[in-house]
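Structure first, then comments.
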Number of protein chains: 2
Amino acid sequence: MLAYSIGEFSKMVGLSGYTLRFYEKEGLIKVNRDENNVRIYSDENKLWIESLLHLKNTGMSLKDMKKFAMWGHGGDETMEDRLTLLKNHRKKVLEDLEELRQSLEHLDNKINFYENELGDCFSEN
Amino acid sequence: MLAYSIGEFSKMVGLSGYTLRFYEKEGLIKVNRDENNVRIYSDENKLWIESLLHLKNTGMSLKDMKKFAMWGHGGDETMEDRLTLLKNHRKKVLEDLEELRQSLEHLDNKINFYENELGDCFSEN
DNA sequence: TTAATACTTAGAGTTTACTCTAAGTCAAGA
DNA sequence: TCTTGACTTAGAGTAAACTCTAAGTATTAA
């Protein structure tokens, strides 16, 4: 397949129709239409959305995703801007990751503490 | 020192006075008062808040933090519950971490792509 | 004495990212 | 024909986690 209705696509990418329309309205996706103005999503759209979801996953705001998408829909002159945005974002992600690692360590220590207190009867699983 | 006003404590832990009162109202912290009903934060409070912030950092909701805090302010009979909550949370954190790692990889690939496209003039920094 | 800082309750406002409703139209398939 | 699923605009609602204002009081340090 190559072309999907909003209903099919919604299931494929795990976003509600509302959200897909919302993202489109916000300029995050460009979607083709058929002769009746009905949205036709492509595999390319899928790749793009998945890319966006990765950015979202790493904590990028819709606002920045919008910027990135606008540039992406523009020409090659925006490549430098896009790269800069991604690099700055990457820095933040690495910092977040480090903080997360520390917090996870703290969590592990807490769990160990409770397990010791409770006398190892809960150390499985 | 051992005792801090809300103003001092606010700076120490990086939370606004509003937030500190809000957390207290929500049951996340217990704070002593002096004879004039003025909040007196202790080093113990600091450790507790830092603990909470680690949980928050790993994506725990206020709602769950509240549960945990309520139990913490209760007695030892709640230890098992607390341990269960922490363990379940840990599982989620590990999943999130894995997802984050994948998204970071995707981000790195994107950055490499742009750098190649732009002919390595931006590969520093 | 005045400024700074603290306290209270109650509730309004903010931001982000959706999520849904209303009210109407249109086109394809059983 | 009727149901299903698509479309539109415009705006309301939701949830989380704060953030702030109002309006009044109290204490402490300069």
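Because the structure is a prediction, the values reported are computed rather than measured.
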I want to verify a distance call: between [options], whose nearest atom is closest to the [X] side chain?
{"X": "A/Phe22", "options": "D/dT8, D/dC18, C/dA17", "result": "C/dA17"}
{"X": "B/Val38", "options": "C/dA6, D/dT8, C/dT8", "result": "C/dA6"}
{"X": "B/Lys56", "options": "C/dT19, D/dC18, D/dC7", "result": "D/dC18"}
{"X": "B/Leu62", "options": "D/dC18, D/dT8, D/dA6", "result": "D/dC18"}
{"X": "B/Ser61", "options": "C/dC7, C/dA17, D/dA17", "result": "D/dA17"}
{"X": "A/Ser16", "options": "C/dC7, C/dT19, D/dA17", "result": "C/dT19"}
{"X": "B/Glu35", "options": "C/dC18, D/dT28, C/dC7", "result": "D/dT28"}

Point-to-point distance, once rounded to the nearest 0.5 Å, from NZ of B/Lys87 to CG of A/Leu107: 11.5 Å
Separation of B/Lys66 NZ from B/Leu62 CG (nearest 0.5 Å): 7.0 Å
Passing option when B/Trp71 is tested against B/Glu77, B/Arg82, B/Met79, B/Glu80 for side chain to side chain contact (heavy atoms under 4.5 Å, CB included): B/Arg82
Nearest-Å distance, [atom1] ([X]) to [atom2] ([N])?
{"X": "B/Lys67", "N": "D/dA16", "atom1": "NZ", "atom2": "C1'", "result": "16 Å"}
{"X": "B/Asp64", "N": "D/dA15", "atom1": "CG", "atom2": "P", "result": "17 Å"}
{"X": "A/Leu53", "N": "C/dA17", "atom1": "CG", "atom2": "P", "result": "13 Å"}
{"X": "A/Asp34", "N": "C/dC26", "atom1": "CG", "atom2": "P", "result": "15 Å"}
{"X": "A/Glu26", "N": "D/dT9", "atom1": "CD", "atom2": "P", "result": "14 Å"}
{"X": "B/Asn37", "N": "C/dT9", "atom1": "CG", "atom2": "C1'", "result": "13 Å"}
{"X": "A/Phe9", "N": "D/dG5", "atom1": "CZ", "atom2": "C1'", "result": "18 Å"}
{"X": "A/Glu24", "N": "C/dC18", "atom1": "CD", "atom2": "C1'", "result": "16 Å"}

Strictly below 4.0 Å: does [X] bring a side-chain N or O up to OP1 or OP2 of [N]?
{"X": "B/Thr19", "N": "D/dC18", "result": "no"}
{"X": "A/Arg39", "N": "D/dC7", "result": "yes"}
{"X": "B/Tyr18", "N": "D/dA17", "result": "no"}
{"X": "B/Tyr23", "N": "D/dC18", "result": "yes"}
{"X": "B/Arg21", "N": "D/dT19", "result": "no"}
{"X": "B/Arg33", "N": "D/dA26", "result": "no"}

Position toward the 5' end of DNA chain C (nearest nucleotide), A/Asn36 or A/Met65: A/Met65
5'-most by nearest nucleotide on DNA chain D - A/Ile6 or B/Lys25: A/Ile6
Donor-acceptor pair between A/Tyr4 and A/Asn45 side chains, under 3.5 angstrom: no
salt_bridge(B/Arg21, B/Glu24) N-O dist < 4.0 Å: no
Sugar-phosphate only, base, or nothing, as touched by A/Lys66 at under 4.0 Å among non-hydrogen atoms: nothing
Verdict with reasoning, A/Leu97 to B/Leu100, per side-chain contact (heavy atoms from CB on, under 4.5 Å): CA-CA 8 Å; A/Leu97 208 54; B/Leu100 190 53; 3.1 Å; yes
